[in-house]
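Keep in mind it's a predicted model, so treat the numbers as computed, not measured. In what follows, chains are A, B, ... by sequence order, proteins preceding strands, each numbered from 1.
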Number of protein chains: 2
Amino acid sequence: MKSERLLDTLLTITEALGADMDRYLRDNGLTTARAHLLWTLHRGGPAKQRDLAAALGHSPRNVTTLVDELVAAGHVIRRDHPGDRRAFLVELTPQAVTLLEVMAASHVELAGQLFGHLDARTRNELGEQLTGLAQRLATLVGEERG
Amino acid sequence: MKSERLLDTLLTITEALGADMDRYLRDNGLTTARAHLLWTLHRGGPAKQRDLAAALGHSPRNVTTLVDELVAAGHVIRRDHPGDRRAFLVELTPQAVTLLEVMAASHVELAGQLFGHLDARTRNELGEQLTGLAQRLATLVGEERG
DNA sequence: TATTGTTATACTCTATAACTATA
DNA sequence: TATAGTTATAGAGTATAACAATA
């Protein structure tokens, strides 16, 4: 198979996977940005809005909006920062933790639907190819391809 | 390799590939939506705005905006529709045709950078896996996964 | 009456800059 | 003087609804 067709197929996958993930997030009342924020809190624990902005690559102003929306939806709370009266600590609610667990389970399920039919050897070979691909792409994206 | 890790790697690729394509389009003065419109004209020839809206999944109003911008950039022209005085035929300029040829060449180059090192057999196997993946994803996206 | 494209308007997501309150 | 977060404002990108010209 020619390289161009491989790339076209990969782009098709990219588009469908993005659409599927977006739709799944919308079904759970989240946008991509809000979901990223929740996962960042899940991984790193309670955080200041400033740190969330840096971690997510957003402006501080935008994090204010995202946190406002997540507070309104009951997914996070703002607590007073113990050591800095200017700042808040943004923290997941139990409801959000439950939601993230459901989403993690759905992630596993999707993985099974996509790759579950493969035998161990094929999965390993495919894994090697995809890992190499991810590395080459990271290099390209990092160094401004021309 | 576990299915979840395969999916994570695929999501990494999806993100990097999307970022790379977006940056490439910006470098050429295009957005994703404008580029899609140009490729649609390239494949199908001159078209009415209504048909472009249907083909691209946009509102007619939005196509008006996109075509306005592409006219301003010199990529398309609006011609009077020969058989319907309500409508325009949107048509690529020679400049846009040249740009699309350059973009197609860059697409081939990117494909080479990503897959050129693989031997024919590996490429075929990878192609089969990716094609199967694309089909499973199309099914999932089509039928509202739960 | 239906369709093509436009004007008017609004919503989402993002950004920068100026401001308040702390540090 | 610098930092954390907010208010004010703006700019993409998209949508629906009402309207004019034409079918």
Whole angstroms only, please: what is the CG-P distance between A:Leu37 and D:dG5?
12 Å
Under 6.0 Å from the CD atom of B:Glu15, do we count more than 12 heavy atoms belonging to anything else shown?
no
Just wondering, do A:Met1 and B:Glu128 contact through their side chains at under 4.5 Å, heavy atoms?
no
In whole angstroms, the gap separating C1' of C:dT12 from CG of A:Asp68 amounts to 15 Å
Atom CG in B:Leu130, atom CG in A:Leu10: separation rounded to 0.5 Å?
6.0 Å
Is there side-chain contact between A:His75 and A:Leu30, with at least one heavy-atom pair below 4.5 Å?
yes
Here the residues of residues 52-64 of chain A within 4.0 Å heavy-atom distance, strictly under, of DNA chain C are A:Gly57, A:His58, A:Ser59, A:Arg61, A:Asn62
Nearest-Å distance for atom pair CG/C1', residues B:Asp22 and D:dG13
13 Å
Can a salt bridge be assigned to the pair B:Arg86 and B:Asp84 using a cut-off of 4.0 Å between side-chain N and carboxylate O?
yes
Can you pull out the residues from residues 73-86 of chain A that lie within a 4.0 Å heavy-atom distance of DNA chain D?
A:Arg78, A:Arg86
Answer yes if the side chains of B:Thr65 and B:Arg61 hold a donor-acceptor pair under 3.5 Å, and no otherwise.
yes
What is the distance, to the nearest angstrom, from the CG atom on B:Leu30 to the P atom on D:dG13?
11 Å
Please confirm whether the shortest side-chain N or O distance from A:Lys48 to OP1 or OP2 of D:dG5 is below 4.0 Å.
no
Between C:dT12 atom C1' and A:Leu66 atom CG, what is the distance in whole Å?
11 Å
Kindly state whether the ring of A:Trp39 and the ring of A:His36 have centres lying under 6.0 angstrom apart.
no
Closest to the B:Gln49 side chain, choosing from C:dT14, C:dT6, C:dC13
C:dT6
Please tell me if the side chains of A:Leu6 and A:Lys2 come closer than 4.5 Å, counting only heavy atoms from C-beta onward.
no
Going by heavy atoms in the side chains, are A:Gln113 and B:Leu140 under 4.5 Å from each other?
yes
Starting at atom CZ of A:Arg34, determine the distance to atom C1' of C:dT14, rounded to an integer number of angstrom.
13 Å
